[in-house]
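Notes follow the structure.
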Amino acid sequence: MSDVPYYTFSAALNAVAKDLLYDEKVNSVPSEVEFLKRQIGKALQVVSSSQKIMGSTSEFVRKIGNVTYEMHIHVDFPFELTPIRDNDRPGFVMLKADEQIEHSAIVNGFLDRTALDKWIITILKENVLRDNILIQLGIRNPEVRCSYQEYTLVVLPVLEYDYIKWPLPVPPALPESVLKAFPWYAVPKVTSPGEVRSFLAWTPDWNRCTMEFSPHYQKVEIFIMKYFSARNVTWMWPNIKDMIQAATLKAIPKQKVQCDFADFLFTVLESLFLLLKEKKRNRDFSSYSNFIRDLNVLELTRCYNSARDLLAKFYHYKSEVLAEEVNKSQLEAEDDTDDTVEWPINWKSEIQSLLSQQK
């Protein structure tokens, strides 16, 4: 049984979240970004057909800033790279090549992130024949950045592996049959200064299967995103969505499959707050289950403060609702013939007001 017996409040939360989920619209990718994507795809296809070293480009493009997008490309080398556990960095792997392999992206027997980026930049500069496209290594994050007019498309190489190559602890909650059904990816990500061999073990399909254990996960995600959006924090996209998903993955094992929506929202919010608090203490925070990009101090503080304020607001709501439950029980006890007890607060309006508030 739920330990938060405020059914009217939970029903209002659920109704608002359902409306948000129904109204959600996918933002179209600007034509300039689509143009960059096509140019990059053509360049990589030339390499793939002639040298067999680059797989097809992903169709997936996501927004990571006001005018910045990210495109995943599937790198497929003509030699084996064996993922081995990075014991110094939980959730990360290193990709080891055979000793006889010689390639510009391989340094001292391992795939090197910086060398990989330089190799991709060389390919693009040789095959993207447009003078008005700028191709360079990123300044804040070492990564391939292609710019056209005011837009930038970050090219993120990912290497795909089957479950049999998974060198880390087995993710909880999922049976082996599910783990074998989907691939995982090694993604270049900076973990500490001067370290160039670590790759994040990214498991998007496993994460999705885990989140589906809760019937509320999509509604919780869109609810929290709406709150952040009302405070103009979503320009840090996709950090917020990734952090919400990481918090959801931590919250699900604590809940029953058919848990109350309000209970689950509280559990995710608490997990999100603790994740942000941990990241404030340790900027190298990582987990196999999340794909959080680097945040600067300002971004991290704004995310942390927003999560803290939302959680505090909901704790306040909880105390109010529990008081209302007691009041309702007393009124019903005094007159058990009255089936239309009025609540002092219209919770749906209160919640909608919270999500539309601008700061």
Side-chain angles (χ1 to χ4, degrees), residues 37 39-60 70-128 135-138 141-146 153-170 179-192 194-206 286 288 291:
K37 177 183 171 183
Q39 292 295 311
I40 293 168
K42 290 177 182 178
L44 300 181
Q45 287 171 9
V46 169
V47 177
S48 176
S49 61
S50 61
Q51 301 181 36
K52 306 293 183 185
I53 58 175
M54 182 73 76
S56 61
T57 58
S58 168
E59 292 299 314
F60 180 61
E70 183 177 79
M71 172 186 183
H72 298 172
I73 59 172
H74 175 204
V75 181
D76 186 12
F77 291 100
F79 50 83
E80 186 175 3
L81 287 169
T82 302
I84 61 176
R85 184 174 180 173
D86 186 341
N87 292 322
D88 295 330
R89 300 166 183 84
F92 284 76
V93 298
M94 296 183 290
L95 306 178
K96 183 175 178 56
D98 292 338
E99 292 182 359
Q100 68 273 20
I101 295 297
E102 293 185 5
H103 190 280
S104 57
I106 303 297
V107 179
N108 297 325
F110 286 88
L111 187 63
D112 181 292
R113 291 197 315 272
T114 303
L116 175 62
D117 283 342
K118 290 180 178 178
W119 174 65
I120 292 174
I121 285 177
T122 298
I123 293 172
L124 295 179
K125 285 185 174 180
E126 290 177 351
N127 295 280
V128 175
I135 302 172
Q136 60 184 356
L137 196 64
N141 295 311
E143 58 193 6
V144 180
R145 303 175 71 86
C146 303
L153 183 60
V154 176
V155 178
L156 187 69
V158 300
L159 289 86
E160 180 179 316
Y161 288 97
D162 294 329
Y163 174 63
I164 194 173
K165 296 284 189 179
W166 180 253
L168 304 177
V170 177
L179 298 174
K180 288 181 176 179
F182 299 102
W184 61 276
Y185 303 90
V187 182
K189 187 177 187 298
V190 176
T191 54
S192 57
E195 202 297 307
V196 293
R197 300 190 303 182
S198 279
F199 287 73
L200 174 69
W202 183 39
T203 59
D205 294 301
W206 297 352
S286 64
Y288 74 85
F291 194 17

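- Looking at heavy atoms from C-beta onward, Leu44 lies in side-chain contact with Leu124 at the 4.5 angstrom threshold.
- Lys165 contributes atom NZ, which lies 4.0 Å from atom CD of Glu80 (distance to the nearest 0.5 angstrom).
- Distance check, rounded to the nearest 0.5 Å: CD1 of Ile106 to CG of Leu111 gives 5.0 Å.
- Rounded to the nearest 0.5 Å, atoms CD (Glu143) and NZ (Lys189) are 11.0 Å apart.
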Where do Val107 and Thr114 land on the side-chain contact (heavy atoms from CB on, under 4.5 Å) test, with the steps shown first?
CA-CA 10 Å; Val107 179; Thr114 303; over 6 Å; no
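- Of all the heavy atoms in Leu116 and Phe77, the pair that sits closest is CD1-CZ, 3.9 Å.
- How far CG of Leu153 is from CD1 of Ile40: 4.5 Å, rounded to the nearest 0.5 Å.
- With Glu70 contributing its side chain and His72 its backbone, the two residues share no donor-acceptor pair below 3.5 Å.
- The main-chain N or O of Phe199 is never found under 3.5 Å from a side-chain atom of Arg113 such that the two would form a donor-acceptor pair.
- Pairing each heavy atom of Ser104 with each of Ala115, the nearest pair is O-CB, 3.4 Å.
- To the nearest 0.5 Å, the span separating CG on Leu168 from OG1 on Thr203 amounts to 9.5 Å.
- In plain terms, the two heavy atoms of Asp117 and Val144 that are nearest each other are O-CG2, 3.6 Å.
- Ring pair His103/Trp119 is perpendicular by interplanar angle, where above 60° counts as perpendicular and below 30° as parallel.
- Listed by chain and number, the residues in a side chain to side chain contact (heavy atoms under 4.5 Å, CB included) with Asp98 are Gln100, Ile101 (sequence neighbours excluded).
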Test log, rule side-chain contact (heavy atoms from CB on, under 4.5 Å), inputs Val155 and Ile135
CA-CA 10 Å; Val155 178; Ile135 302 172; over 6 Å; no
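- A donor-acceptor pair under 3.5 Å is formed between the side chain of Trp184 and the backbone N or O of Asp162.
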side-chain contact (heavy atoms from CB on, under 4.5 Å), that's the test. Do Leu95 and Thr82 meet it? Break it down for me.
CA-CA 5 Å; Leu95 306 178; Thr82 302; over 6 Å; no
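- In this structure, Tyr163 and Val170 approach most closely via the heavy-atom pair OH-CG2, 3.6 Å.
- Considering every non-hydrogen atom in both Ala186 and Tyr161, the closest pair reads CB-CE1, 4.2 Å.
- The nearest pair of heavy atoms linking Leu200 to Gly91 is CD1-O, 3.8 Å.
- The CD atom of Glu102 sits 11.0 Å away from atom CZ of Phe79, with the distance rounded to the nearest 0.5 Å.
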Applying side-chain contact (heavy atoms from CB on, under 4.5 Å) to Thr122 and Glu126, what does each step give before you reach the verdict?
CA-CA 6 Å; Thr122 298; Glu126 290 177 351; 3.5 Å; yes
